[in-house]
Amino acid sequence: MSQRAHPDIEKVLISEDEIKSKIVELAAEITEDYGDAGVLLVGVLKGAFVFMADLARSLSIPIDFDFMAVSSYGTATKSSGVVRILKDLDYEVTGRHVLLVEDIIDSGLTISYLLRYLKARRPASLEICSLLWKQGQQPVPFEVKYTGFVIPSVFVVGYGLDFAERYRNLPYIGVLRLEAYGGESPH
Ligand code: IMP
Ligand code: MG
């Protein structure tokens with residue numbers, strides 16, 4: 001489907017079709033790895049909600065859903081690594097196979113925190129599935145088992161990702177025009 005980008009978007013980095021086929025690939029790997037044992041998907045709100053909805057609908061193994069909401073202190077475009085839990089898990093994860101679903105790994109600080117937090121609850125297994133991974137950052141101290149796309153170090157929006165809570169509903173991943181940032185400069 002051809003699409004006209006939102007006027008605030010400088011360029012579409014990953015199209016709707018590219019996202020769709022990547023999700024089919026990721027879902028095939030996840031299906032193969034977990035099989036009938038199934039998996040508990042834990043989405044990190046809010047960014048992961050669009051990705052998780054599409055990923056889940058491509059999986060035909062038994063899945064349960066849970067969500068965590070965190071806020072990281074920092075500016076709108078840079079996380080500080082200090083994470084506050086706004087919404088904890090609804091389910092007990094002890095003994096469960098847990099797959100943490102994220103929209104993007106940038107510094108890796110948010111995921112590092114969540115991994116420590118979840119590991120303390122003794123899941124049977126704990127893996128990460130992130131749609132995006134920004135390159136050019138320091139190496140992260142954990143393994144990302146399922147990665148959609150490695151992207152350059154630019155600030156992106158769409159498909160769940162926001163700038164100041166906007167643009168989450170765009171069906172593609174795009175780079176914002178500088179003017180759209182207002183006062184805050186992207187990295
Ligand atoms: P990290 O802790 O630096 O890995 O940052 C991860 C979180 O920062 C993500 O869950 C996003 O909410 C946010 N984030 C990082 N980079 C971007 C971006 O390019 N666009 C939108 N949000 C981002
Ligand atoms: Mg955000």
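Since the model is a prediction, treat every value here as computed from it, not as a measurement.
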- Item | Pair Q135-I151, side-chain contact (heavy atoms from CB on, under 4.5 Å): steps then yes or no | CA-CA 6 Å; Q135 232 171 17; I151 62 165; over 6 Å; no
- Item | Residues H97, E127; criterion side-chain contact (heavy atoms from CB on, under 4.5 Å); working and verdict | CA-CA 8 Å; H97 292 289; E127 300 293 350; over 6 Å; no
- Task: List the steps, then state whether side-chain contact (heavy atoms from CB on, under 4.5 Å) holds for L161 with R168.
- Result: CA-CA 5 Å; L161 292 123; R168 291 192 197 274; 6.0 Å; no
- Message: Does E16 form a side-chain contact (heavy atoms from CB on, under 4.5 Å) with L170? I'd like the steps, not just the answer.
- Response: CA-CA 9 Å; E16 198 174 350; L170 298 179; over 6 Å; no
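Inspection of the D64 and Y91 side chains reveals no N or O donor paired with an N or O acceptor under 3.5 Å.
The distance from the CG atom of D54 to the CD1 atom of I19 is 8.5 Å, given to the nearest 0.5 Å. For the atom pair CG (L45) and CG (L86), the distance works out to 9.5 Å, reported to the nearest 0.5 Å. Separation of atoms CG (D90) and CG (L40) is listed at 10.0 Å; rounding is to 0.5 Å. With values rounded to the nearest 0.5 angstrom, I105 atom CD1 is found 9.5 Å from L132 atom CG. Annotation: the span from L59 atom CG to M52 atom CE amounts to 10.5 Å, rounded to 0.5 Å. Between the NZ atom of K20 and the CD1 atom of I14 there is a distance of 14.5 Å, given to the nearest 0.5 Å.
You'll find the side chain of Y172 reaches within 4.5 Å of the side chain of H6, heavy atoms only. Contact of the T94 side chain with the P123 side chain is not registered, since no non-hydrogen atoms from C-beta on lie closer than 4.5 Å. D162 places none of its side-chain heavy atoms less than 4.5 Å from the side chain of V157. V83 has its side chain out of reach of L109: every pair of non-hydrogen atoms, C-beta onward, lies at least 4.5 Å apart. With a 4.5 Å cut-off on side-chain heavy atoms, C129 and L55 count as touching. Within the 4.5 Å cutoff, side-chain heavy atoms of L131 are placed close to those of I173. You'll find the side chain of V175 stays beyond 4.5 Å of the side chain of F155, heavy atoms only. For the pair W133/V144, a side-chain contact is recorded, criterion being any heavy-atom separation below 4.5 Å from C-beta on.
Under a cut-off of 6.0 angstrom, the local environment of CZ in R177 is crowded, with over 12 non-hydrogen atoms contributed by other residues, nucleotides or ligands.
Taking hydrophobic clusters as Ile, Leu, Val, Met, Phe, Trp and Tyr residues chained together by side-chain heavy-atom distances below 4.5 Å, V24 does not share a cluster with I61. In the hydrophobic clustering of ILVMFWY residues, with side-chain heavy atoms under 4.5 Å counting as a link, L99 and F65 come out together. By the rule that hydrophobic residues join a cluster once side-chain heavy atoms approach within less than 4.5 Å of another member, L115 and I85 end up as members of one cluster.
Side-chain atoms of R57 come within 3.5 Å of backbone N or O of A53 as a donor-acceptor pair. Formation of a donor-acceptor pair under 3.5 Å by the E18 side chain with backbone atoms of S15 is found in this model. Looking at K134, its side chain does come within 3.5 Å of a backbone N or O of V154 through a donor-acceptor pair.
Smallest separation of non-hydrogen atoms from E102 and T110: OE2-CG2, 4.0 Å. Considering every non-hydrogen atom in both V101 and A48, the closest pair reads O-CB, 3.3 Å. Nearest heavy-atom pair across V93 and L118 is CG2-O, 4.4 Å. Closest approach of G47 to D103, counting heavy atoms only: CA-OD2, 3.2 Å. Of all heavy-atom pairs spanning V140 and G108, the tightest one is CG1-CA, 4.0 Å. Across all non-hydrogen atoms, the minimal contact from L126 to K119 is CD2-CG, 3.7 Å.
Here D33 pairs with K145 under the salt bridge (charged side-chain N to carboxylate O under 4.0 Å, His left out) rule; sequence neighbours left out.
The aromatic rings of F51 and Y159 sit tilted relative to each other, their planes meeting at an angle between 30° and 60°. In this structure, Y146 and Y34 have tilted ring planes: the angle between them lies in the 30° to 60° band.
Judged by the 6.0 Å distance and 45° axis criteria, K22 is positioned over the aromatic ring of F149.
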